[in-house]
Amino acid sequence: MIRIRVPATSANLGPGFDTLGMALQFYNHFEVAPAETLSVELSKHTCIETDGLSLDPSENLLAKAYSAYFQFRQETPIPARLVIEGHIPLSRGLGSSSSAIVAGLVLANHMHPDPLPKTQLVPWAIQLEGHPDNVVPALLGGVQCCVSEDHRISLVWPSEWGIILIIPPTKLHTNEARTILPDHYSRQEAVANLRGMAAWIYAVEHKDASLFQEALQSDTIHEPARGALIPEWPVLKEALSQTTAMGSVISGSGSTLAVFTPSSVSHHQCFERLKTVTELSHCKIVSVKADTDGVYTLPTTTSNTTLPEALF
Ligand code: HSE
């Protein structure tokens, strides 16, 4: 039996629609073991709501990615029993679907007698997901600026910068959140986003909190359309205006919002402040760190506990 963990991810990160993503230190766990037929099970240690999650191998994303691995290699799938231990809430913009795609490919790779290096799975993961900004950091860890299937710029998240997630109970499905985006953008919108993206990359590389604050506000591609879907966002912005946070963004296609803080003092102040906001009391507010490993193979004796408490 092989056991792996795959990190949650936050994609877009402001101006980086379908391009920027980072891995976070909380994880779904997955297992694979040889079997006579392909099957998917849910571990009893799963601590998220799984309504609507089909375990039928013809519909389940983990099983479909597992089978796709062998199709990419033009081989017959090796039958296996797959187990999901879910900790990343579904449809909240935290990369739960990507974690299943990455896990399917990586578990199949483990089962194959001639496994490939992890980087060779990147183009397949991108093709299965349709956009790279969740699957690439889930595979490789860190902050990834995804340029193409073959190229990415890997950045190191400044260790003193903090991340707080505000996770509403509302689900937002990525397909729906993509259909509401405009088909066309003006030249001014394109230029503003280009400037913001350049500033974002420079700010992270050089730990420039002031520039990062400006870059976080520069998205013109998805947040103007999606902001209306997340009623907690104006409340959050108002609450943050009384803190030293660098800003907030929609994580992936939502509904989670991510807040970035420039120092541990600011992080503590911001975290405590957000917990007192009545209009956010229905949300989970969690402090997370950046993950640098990406998908990782665990010793089979590893404890099932990945979070101090269930997210949902
Ligand atoms: N870039 C994708 C989107 C991420 O915003 O639609 C989905 O999590």
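Just so you know, residue 1 is the first one in the sequence shown, and it goes up from there.
- H184 pairs by the ring-ring contact (aromatic ring centres under 6.0 Å, His included) definition with nothing, not counting sequence neighbours.
- K207 NZ: 12 or fewer foreign heavy atoms inside a 6.0 Å radius.
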Tell me, with the steps shown, if E232 and H282 meet side chain to side chain contact (heavy atoms under 4.5 Å, CB included).
CA-CA 10 Å; E232 291 82 3; H282 61 295; 2.7 Å; yes

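- Heavy-atom minimum distance, N134 versus S98: CB-OG, 2.8 Å.
- W200 is linked by a ring-ring contact (aromatic ring centres under 6.0 Å, His included) to F212, counting only residues two or more places apart in sequence or in another chain.
- Residue E149 holds its CD atom at 4.5 Å from CD of Q127, rounded to the nearest 0.5 Å.
- Taking CG of N28 as the reference point, atom CD1 of I48 lies at 6.0 Å (rounded to 0.5 Å).
- Side chains of L216 and M246 form a contact here, defined as non-hydrogen atoms less than 4.5 Å apart.
- In this structure, CG on D291 lies 10.5 Å from CG on L140, to the nearest 0.5 angstrom.
- What you find for P57 and S39 is that their closest heavy atoms are CG-CA, 4.2 Å.
- Counting heavy atoms from C-beta outward, F70 and H112 have side chains that approach closer than 4.5 Å.
- Listed for the N193 side chain is a donor-acceptor partner under 3.5 Å among the backbone atoms of T220.
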Just list the side-chain donor-acceptor pairs under 3.5 Å for residues 267-275, sequence neighbours left out, or say none.
unit_1: H267; atom_1: ND1; unit_2: T261; atom_2: OG1; d: 2.8
unit_1: H267; atom_1: NE2; unit_2: S287; atom_2: OG; d: 2.8
unit_1: Q269; atom_1: OE1; unit_2: T244; atom_2: N; d: 3.4
unit_1: Q269; atom_1: OE1; unit_2: T244; atom_2: OG1; d: 3.1
unit_1: E272; atom_1: OE2; unit_2: K275; atom_2: NZ; d: 3.4
unit_1: R273; atom_1: NH1; unit_2: T276; atom_2: OG1; d: 3.3
unit_1: R273; atom_1: NH2; unit_2: Q242; atom_2: OE1; d: 3.4

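- A 6.0 Å sphere centred on CD of E189 holds more than 12 heavy atoms belonging to other residues, nucleotides or ligands.
- Partners of R195 according to the salt bridge (charged side-chain N to carboxylate O under 4.0 Å, His left out) rule, which considers only residues two or more places apart in sequence or in another chain, do not exist here.
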Checking side chain to side chain contact (heavy atoms under 4.5 Å, CB included) for the pair I84/E41: CA distance, chi angles, key distance, verdict?
CA-CA 6 Å; I84 303 169; E41 289 170 28; over 6 Å; no

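- When all heavy atoms are compared, the tightest approach of F30 to A103 is CD1-CB, 3.3 Å.
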Could you give the side-chain donor-acceptor pairs of residues 164-173 under 3.5 Å, partners two or more places apart or in another chain?
unit_1: H173; atom_1: ND1; unit_2: S91; atom_2: OG; d: 3.3

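- Inter-residue side-chain proximity for V122 and L139 is flagged as met; some heavy-atom pair is nearer than 4.5 Å.
- In this view, A199 and L211, A215 satisfy the side-chain contact (heavy atoms from CB on, under 4.5 Å) rule, not counting sequence neighbours.
- The side-chain heavy atoms of I163 and M22, taken from C-beta on, include a pair separated by under 4.5 Å.
- In this structure, a donor-acceptor pair under 3.5 Å is absent between the side chains of S54 and D56.
- Between the CG atom in L62 and the OG atom in S97 there is a gap of 11.5 Å [rounded to 0.5 Å].
- Residues that satisfy the salt bridge (charged side-chain N to carboxylate O under 4.0 Å, His left out) test with D208, not counting sequence neighbours, are absent from this structure.
- Among pairs with a residue in residues 151-160, those fulfilling side-chain hydrogen bond (donor to acceptor under 3.5 Å, both in side chains) read Q144-S154, at least two apart in sequence or across chains.
- Screening L61, L53, N60 for a side chain to side chain contact (heavy atoms under 4.5 Å, CB included) with V40, the sole residue that qualifies is N60.
- In this view, Y296 satisfies the ring-ring contact (aromatic ring centres under 6.0 Å, His included) rule with no residue, not counting sequence neighbours.
- Using a 4.0 Å cut-off between charged nitrogen and carboxylate oxygen, K64 and E59 do not count as a salt-bridge pair.
- By the 4.5 Å heavy-atom criterion applied to side chains, Q25 and D293 are not counted as neighbours.
- Using modelled atom types and a 3.5 Å distance limit, the side chains of S43 and H29 yield no donor-acceptor pair.
- Side-chain N or O atoms of R178 include none that pairs as donor or acceptor with a backbone N or O of E176 at under 3.5 Å.
- When all heavy atoms of A138 and P7 are compared, the closest pair comes out as O-CD, 3.5 Å.
- When every heavy atom of I230 is checked against every heavy atom of I250, the shortest pair comes out as CD1-CG2, 3.7 Å.
- Closest of all the heavy-atom pairs between A80 and Y66 is CB-OH, 3.4 Å.
- Note that the NE2 atom of H87 and the CZ atom of F26 stand 10.5 Å from one another [nearest 0.5 Å].
- Side chains of S251 and S10: a donor-acceptor N/O pair is present below 3.5 angstrom, by distance only.
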Determine whether R3 and E85 satisfy the following criterion, salt bridge (charged side-chain N to carboxylate O under 4.0 Å, His left out), listing intermediate values before the conclusion.
CA-CA 10 Å; R3 185 172 169 83; E85 183 189 315; 2.9 Å; yes

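- In this view, L181 and F17, Y185, H222, A225, R226 satisfy the side-chain contact (heavy atoms from CB on, under 4.5 Å) rule, not counting sequence neighbours.
- Separation of atoms CZ (R187) and CG (L194) is listed at 12.5 Å; rounding is to 0.5 Å.
- With sequence neighbours excluded, the residues that form a side-chain contact (heavy atoms from CB on, under 4.5 Å) with S248 are W233, L236, K237, L240, V259.
- Residues meeting the side-chain contact (heavy atoms from CB on, under 4.5 Å) test with T19, sequence neighbours left out: C145, M197.
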